[in-house]
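Letters A, B, ... are given to chains in the order of the sequence lines, protein chains preceding strands, and every chain is numbered from 1.
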There are 2 protein chains.
Amino acid sequence: MLIIGEKINSTLKATAKAVAERDETALVDLAQRQVAAGAGMLDVNCGTVEADQEPEVMRWMVKLVQGAVNTPLCIDSANPAALAAGLMAHQGKAMVNSISGESERYRKVLPLLREHGASVIALGMDDQGIPGDGEKAYAVGAKLVEDLVKDGLSLEEIYFDPLVRSVATSPSAALETLDLMRRLGASFPGLHFASGLSNVSYGVPERRHLNRAYVVLSMGAGLDAVIMDPFDQVMVQLILASEVLLEKDRWCLRYIEAFNQGRLSA
Amino acid sequence: MLIIGEKINSTLKATAKAVAERDETALVDLAQRQVAAGAGMLDVNCGTVEADQEPEVMRWMVKLVQGAVNTPLCIDSANPAALAAGLMAHQGKAMVNSISGESERYRKVLPLLREHGASVIALGMDDQGIPGDGEKAYAVGAKLVEDLVKDGLSLEEIYFDPLVRSVATSPSAALETLDLMRRLGASFPGLHFASGLSNVSYGVPERRHLNRAYVVLSMGAGLDAVIMDPFDQVMVQLILASEVLLEKDRWCLRYIEAFNQGRLSA
């Protein structure tokens with residue numbers, strides 16, 4: 001399971017302040033602590049700065065974070081110029097957050113992936129928005145994956161995000177998403193699945209329990225990357241445990257390593 | 001999800017002391033606190049007393065606990081005379097823990113189920129022991145379920161326990177158990193599934209994380225009863241969350257009730 005740390009994102013107040021003040025110490029600390037907590041990749045997003053400054057700020061952040069930790073980064077922006085700047089500055093294979101079946105986004109992001117050999121989070125939506133029912137979601141997802149493969153990406157470079165809705169308003173949302181991942185996984189062996197955690201529990205109190213159960217259930221259906229707060233220790237512990245149970249961590253090697261590091265207590 | 005509270009069991013030191021001293025206050029307290037924590041049924045086991053005293057002690061415990069709480073009980077003993085005494089004393093529909101495909105146990109426990117209209121935990125094993133591989137486990141399980149139905153039980157009265165092995169020694173143990181539940185559930189619609197938590201994580205440090213992830217993954221495969229410590233608040237929270245995600249608690253009604261009772265905090 002790839003844990004993509006979500007903390008270096010300027011929509012978070014503390015991060016916004018660090019970015020505005022170009023506070024390198026604060027951002028380096030945030031990077032190092034996320035990796036120590038279990039993140040294998042760090043999302044970098046500075047979307048709240050002025051649009052014309054975003055490429056330059058993204059370039060600065062990518063260089064800063066890669067100077068502090070050894071993990072690859074997930075370059076996160078809605079602005080293709082900022083994605084390009086981040087990819088240019090990045091050492092090694094980056095991930096891009098994100099592409100989708102929306103024609104304009106697809107047209108602008110695809111060349112960046114090809115030029116920089118980046119992997120990508122592919123959102124399961126198109127120009128009609130997020131598909132409402134299971135058959136449509138499968139069709140939209142399958143077309144997006146097929147298009148990306150036809151345009152030169154390997155299945156292993158694609159992290160499909162099924163865009164789960166909230167169970168507060170769609171009681172079958174999680175079940176439909178699990179089913180979508182199982183179907184796409186069967187159709188496209190090697191395809192990865194990624195998810196964020198802000199949607200499934202939207203509008204429900206004490207949502208962290210829903211997020212945690214959602215990640216475990218989703219791992220059972222093929223989820224192998226998640227954008228999350230790596231400081232949620234219970235979530236990290238459940239992910240490590242699920243990897244053992246799903247035979248992704250045979251003989252509990254990583255689980256026992258985490259135990260030896262004191263990361264399974266509390 | 002039926003949470004069967006495991007605390008009234010004389011293999012637990014505090015319970016053994018309360019049983020030995022016939023401490024009604026302690027046992028009533030244990031019963032009431034388990035129900036308040038989320039248990040919908042209470043296991044009652046006094047297997048550590050002298051065999052000739054077990055029926056009498058079981059009768060006393062069943063009457064005591066049912067006088068204190070409104071939940072049905074799971075009468076738990078390897079001694080058919082103790083099961084009979086407990087069932088005789090029990091008001092309403094009891095559960096028996098347990099029957100299996102072992103011929104002697106089957107022959108002795110079945111008449112008790114029929115006489116008292118009890119439901120039962122059915123262990124997936126026979127005279128050859130716990131089956132080693134997936135095909136054999138399915139065959140043993142299907143035969144046991146078919147025998148019970150032929151002998152008068154309904155599928156809704158059977159809680160099949162797939163007897164998961166430890167992932168410490170069998171890396172594929174959990175995956176095989178998930179697969180077994182899915183296959184039996186597809187073959188026998190209405191069949192319930194129950195599991196304890198002492199096996200899957202046996203021999204691994206900080207095993208509670210494995211137990212928690214195992215319950216969530218198992219719920220995704222059909223598990224609907226678990227024998228557990230209801231004072232494990234994180235586990236109860238994950239179960240409540242999983243029920244929402246699996247559409248067993250549409251519109252989050254029980255989840256929000258638990259929130260209002262303060263059971264989702266901490």
task = Quick one: pull up CD in B:Q237 and CG in A:L210 and give me the separation to the nearest 0.5 Å.
result = 11.0 Å

remark   = Scored by heavy-atom pairs under 4.5 Å with chain A, the best of B:A168, B:P205, B:A174 is B:P205

inquiry  = Is it the case that over 12 heavy atoms from other parts of the model lie below 6.0 angstrom from the CZ atom of B:F188?
reply    = yes

request  = Identify the two heavy atoms, one from A:E247 and one from B:P171, that lie closest to each other, and give their separation to 0.1 Å.
outcome  = CG-O, 3.5 Å

request  = Could you tell me whether B:N70 atom CG has more than 12 heavy atoms of other residues or ligands within 6.0 Å of it?
outcome  = no

query = Just wondering, do B:L245 and A:L175 contact through their side chains at under 4.5 Å, heavy atoms?
reply = no

task = Between chain A and each of B:A221, B:S265, B:A173, count heavy-atom pairs under 4.5 Å; write down the option with the most.
result = B:S265

query = For A:F259 and B:E206, which heavy atoms make the closest approach, and how far apart are they?
reply = CD1-CG, 3.5 Å

task = Using a 4.5 Å cut-off on heavy atoms from C-beta on, say whether the side chain of A:L217 contacts that of B:L246.
result = yes

request  = Considering only heavy atoms and a distance below 4.5 Å, find which of B:V200, B:D249, B:V167, B:V164 pairs most often with chain A.
outcome  = B:V167

query = Would you say B:K93 has more than 12 foreign heavy atoms packed within less than 6.0 Å of its NZ?
reply = yes

key: Any side-chain heavy-atom pair of A:H209 and B:L240 under 4.5 Å   = no

inquiry  = Within a 6.0 Å radius of atom CZ on B:F231, are there more than 12 heavy atoms belonging to other residues, nucleotides or ligands?
reply    = yes

ask   = Are any of the side-chain heavy atoms of B:L238 and A:V216 separated by less than 4.5 Å?
value = no

task = Check each atom of B:Y214 against the heavy atoms of chain A and say whether the ones under 4.5 Å are side chain, backbone, both or neither.
result = both

ask   = What part of A:V204 gets closer than 4.5 Å to chain B, counting heavy atoms only: side chain, backbone, both or neither?
value = side chain

